[in-house]
Amino acid sequence: ETGVTQTPRHLVMGMTNKKSLKCEQHLGHNAMYWYKQSAKKPLELMFVYSLEERVENNSVPSRFSPECPNSSHLFLHLHTLQPEDSALYLCASSQEGQGDNSPLHFGNGTRLTVT
Amino acid sequence: AQSVTQLGSHVSVSEGALVLLRCNYSSSVPPYLFWYVQYPNQGLQLLLKYTSAATLVKGINGFEAEFKKSETSFHLTKPSAHMSDAAEYFCAVRRMDSSYKLIFGSGTRLLVRP
């Protein structure tokens with residue numbers, strides 16, 4: 001498998017549920033990202049991990065908890081979400097630190113619906 | 001602070017017509033600039049990127065973009081639209097002086113009429 005893979009593709013959860021989104025990259029990159037894409041809003045950067053350390057946390061509510069166990073895997077743990085958290089969650093990866101601005105490579109996203 | 005503005009949330013063209021999607025950026029330092037495309041139910045795919053090597057950048061699927069510093073613009077063009085070009089297009093900017101932040105515009109949905 002190549003590129004960036006996200007599972008599940010679709011997720012419906014109640015506000016009291018706990019679920020996790022998974023992302024795996026097969027590109028040998030050293031940085032991984034979570035973005036949130038809501039209707040009629042620009043993409044919002046949520047978290048960035050570089051070499052498995054979190055380097056960005058853009059004031060995301062604590063009901064979203066990221067985890068990066070190694071450079072190929074990234075998780076987003078969800079707990080007691082709100083209906084306004086319904087969105088497309090996109091994972092991306094890039095290779096940083098080589099003096100060139102490498103682009104982000106995105107997965108196909110997880111469509112989350114909170115009921 | 002850096003930002004991008006995409007003029008027009010929707011652009012409609014006829015098949016075979018010129019495609020022009022506008023992007024203006026603001027950045028206090030020289031930026032890296034990108035165009036991404038998103039097809040329905042998919043993630044974002046890189047179309048092209050500007051990294052200061054050349055002002056005219058050619059990308060995939062026949063798209064190209066020209067960096068104009070005097071106009072702070074990076075508009076995306078394609079000479080002849082195809083039905084398969086219908087998608088949402090995002091311009092993004094990133095500072096050259098190191099940052100993980102890629103700032104996206106709000107997107108332009110391209111509609112191609114038969």
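All figures in this text were calculated on a predicted structure; none of them were measured in a lab. Each chain gets a letter, A, B and so on, in the order the sequences are listed, and its residues count up from 1.
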Looking only at atom types and distance, does a side-chain atom of Tyr33(A) sit under 3.5 Å from a main-chain N or O of Leu102(B), one as donor and one as acceptor?
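Flag not set: sc Tyr33(A) to bb Leu102(B) has no pair under 3.5 Å.
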
Ignoring hydrogens and angles, tell me if any N or O in the side chain of Arg9(A) forms a donor-acceptor pair with the backbone of Asn41(B) under 3.5 Å.
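Flag set: sc Arg9(A) to bb Asn41(B) pair under 3.5 Å.
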
Interface moiety of Gln6(B) toward chain A, non-hydrogen atoms closer than 4.5 Å:
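It is neither, since no heavy atom gets under 4.5 Å.
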
Contact class of Tyr39(B) relative to chain A, heavy atoms under 4.5 angstrom:
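Answer is neither: Tyr39(B) stays 4.5 Å or more from chain A.
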
Per-residue contacts, residues 105-114 of chain B versus chain A, heavy atoms under 4.5 Å:
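Only Gly105(B), Ser106(B) of residues 105-114 of chain B have a heavy atom under 4.5 Å from chain A.
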
Could you list the residues that satisfy side chain to side chain donor-acceptor pair (under 3.5 Å) with Gln6(A), not counting sequence neighbours?
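For Gln6(A), no residue satisfies side chain to side chain donor-acceptor pair (under 3.5 Å) once neighbours in sequence are set aside.
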
Looking only at heavy atoms, which of residues 71-82 of chain A get nearer than 4.5 Å to chain B?
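From residues 71-82 of chain A, none sit under 4.5 Å of chain B.
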
Identify the heavy atoms of Leu90(A) and Gly43(B) that sit nearest to each other, and give their distance.
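Closest approach of Leu90(A) to Gly43(B), heavy atoms only: CD2-CA, 3.9 Å.
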
Leu44(B) vs Leu43(A) side-chain heavy atoms within contact, under 4.5 Å
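The answer is yes; the side chains approach within 4.5 Å.
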
Do Pro103(A) and Tyr32(B) have side-chain heavy atoms sitting under 4.5 Å apart?
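Pro103(A) vs Tyr32(B): side chains apart.
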
Residues forming a ring pair (Phe, Tyr, Trp, His ring centres under 6.0 Å) with Phe90(B), sequence neighbours excluded:
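By the ring pair (Phe, Tyr, Trp, His ring centres under 6.0 Å) rule, Phe90(B) matches no residue at all.
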
Euclidean distance, Phe106(A) CZ relative to Gln38(B) CD, rounded to 0.5 Å
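Spacing of CD (Gln38(B)) from CZ (Phe106(A)) equals 9.0 Å.
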
